[in-house]
Amino acid sequence: MATRWGICSAGKISHDFTVALKTLPAEDHQVVAVAARKLEDAQEFARKHSISRAYGSYEELARDPEVDVVYVGVIHPYHLNACRLFTNAKKNVLCEKPLAMNTKEVKEILDCAKKNDVFLMEAVWTRFFPVSVEIRKLLAHGEIGEVKMVRTDFGVPLLHVPRSVQKDLGGGALLDLGIYCLQFISMVYNGEKPESVQASGVCLETGVDETVVVMLRFSRNRMAVFTCSAGVQLPNDAIIAGTKGTIQVLSSMWSPTSLVVNGKETQYPVPEPYLPLNFPNGTGMRYEAEEVRQCLLKAGAQ
């Protein structure tokens, strides 16, 4: 039986996610409904993507009995309310990153999902790309010895985008871009927490961070450093340095399709989209969607 998706918000990221879903077999994934704050936006989205039902409120989507899992693509500050709405309606949820604005909100979302016994996942799509799967395999097999240093950066000029610079819209480089660097480091060090964190940055007049540099120290003298910036373009790659070699993820490290292991490059292309995308390699969201399906099947939630 197919995993039946509901799409919450008719914005750019929801468009790319829906395009990515269509690259997967129709017998496994179906988009059955979309909701937006304005009905006409939902209807236009539904027409574009051949979705049968369009709603002018998120509450209607939460009540739809045909929806197995909701993809939450609203902007950061609205994640808490959206996740609460859908989990309280006993819907499984895939919520865009960052899961919430702060620790308090994250805890509330997690508690809500647990209380209602539903599946919840933060949509850190990078983790599910074939490149990331290969990196975890290489590290597990000790391909480059003991990892001593990880360096990554993510910088793109976003100061013209209101969502990126306004505090009430969840702006700032760290929440939008730095999360990708941090999750990459966390993946390499297998979820271990750093022993120390040193950070320095500059803020915009709006009160959000424009550029941040972070240095992390882990046990056994292992280090990591990352830079994120909404002000300038950076190389947007990542390097893992071990005692026996290096692994390099070429740009773009957050949606990777190329891996260099000890100087040897391998390509991992993503499928072509059937509609133009808003973000590079957007069809790579198919991998996180399939992970959700597999988790639901294992849990018997479908």
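Salt bridge annotation for E288-R127: absent, with no cationic side-chain nitrogen under 4.0 angstrom from a carboxylate oxygen. The pair R4-E66 counts as a salt bridge, with a side-chain nitrogen and a carboxylate oxygen less than 4.0 angstrom apart. Salt bridge absent: K91 and D64 never bring a charged side-chain N and a carboxylate O closer than 4.0 Å. Comment: R163 engages D176 in a salt bridge, judged by a side-chain N to carboxylate O separation of less than 4.0 angstrom. Here D111 pairs with K107 in a salt bridge; the nearest charged N to carboxylate O distance falls below 4.0 Å.
Between T87 and R84, the side chains place no donor N or O within less than 3.5 Å of an acceptor N or O (distance only, hydrogens not considered). In summary, the side chains of T257 and Q267 do not present any donor paired with an acceptor at a separation below 3.5 Å, with no hydrogens or angles considered. In this structure, a donor-acceptor pair under 3.5 Å is present between the side chains of S219 and E192.
The ring pair (Phe, Tyr, Trp, His ring centres under 6.0 Å) test applied to Y189 returns F218, not counting sequence neighbours.
Considering SG of C83 and CD of E96, their distance stands at 11.0 Å, rounded to 0.5 Å.
In this structure, F17 has its ring center at least 6.0 angstrom away from the ring center of W125.
Atom CZ of R136 has more than 12 neighbouring heavy atoms from other residues, nucleotides or ligands inside a 6.0 Å radius.
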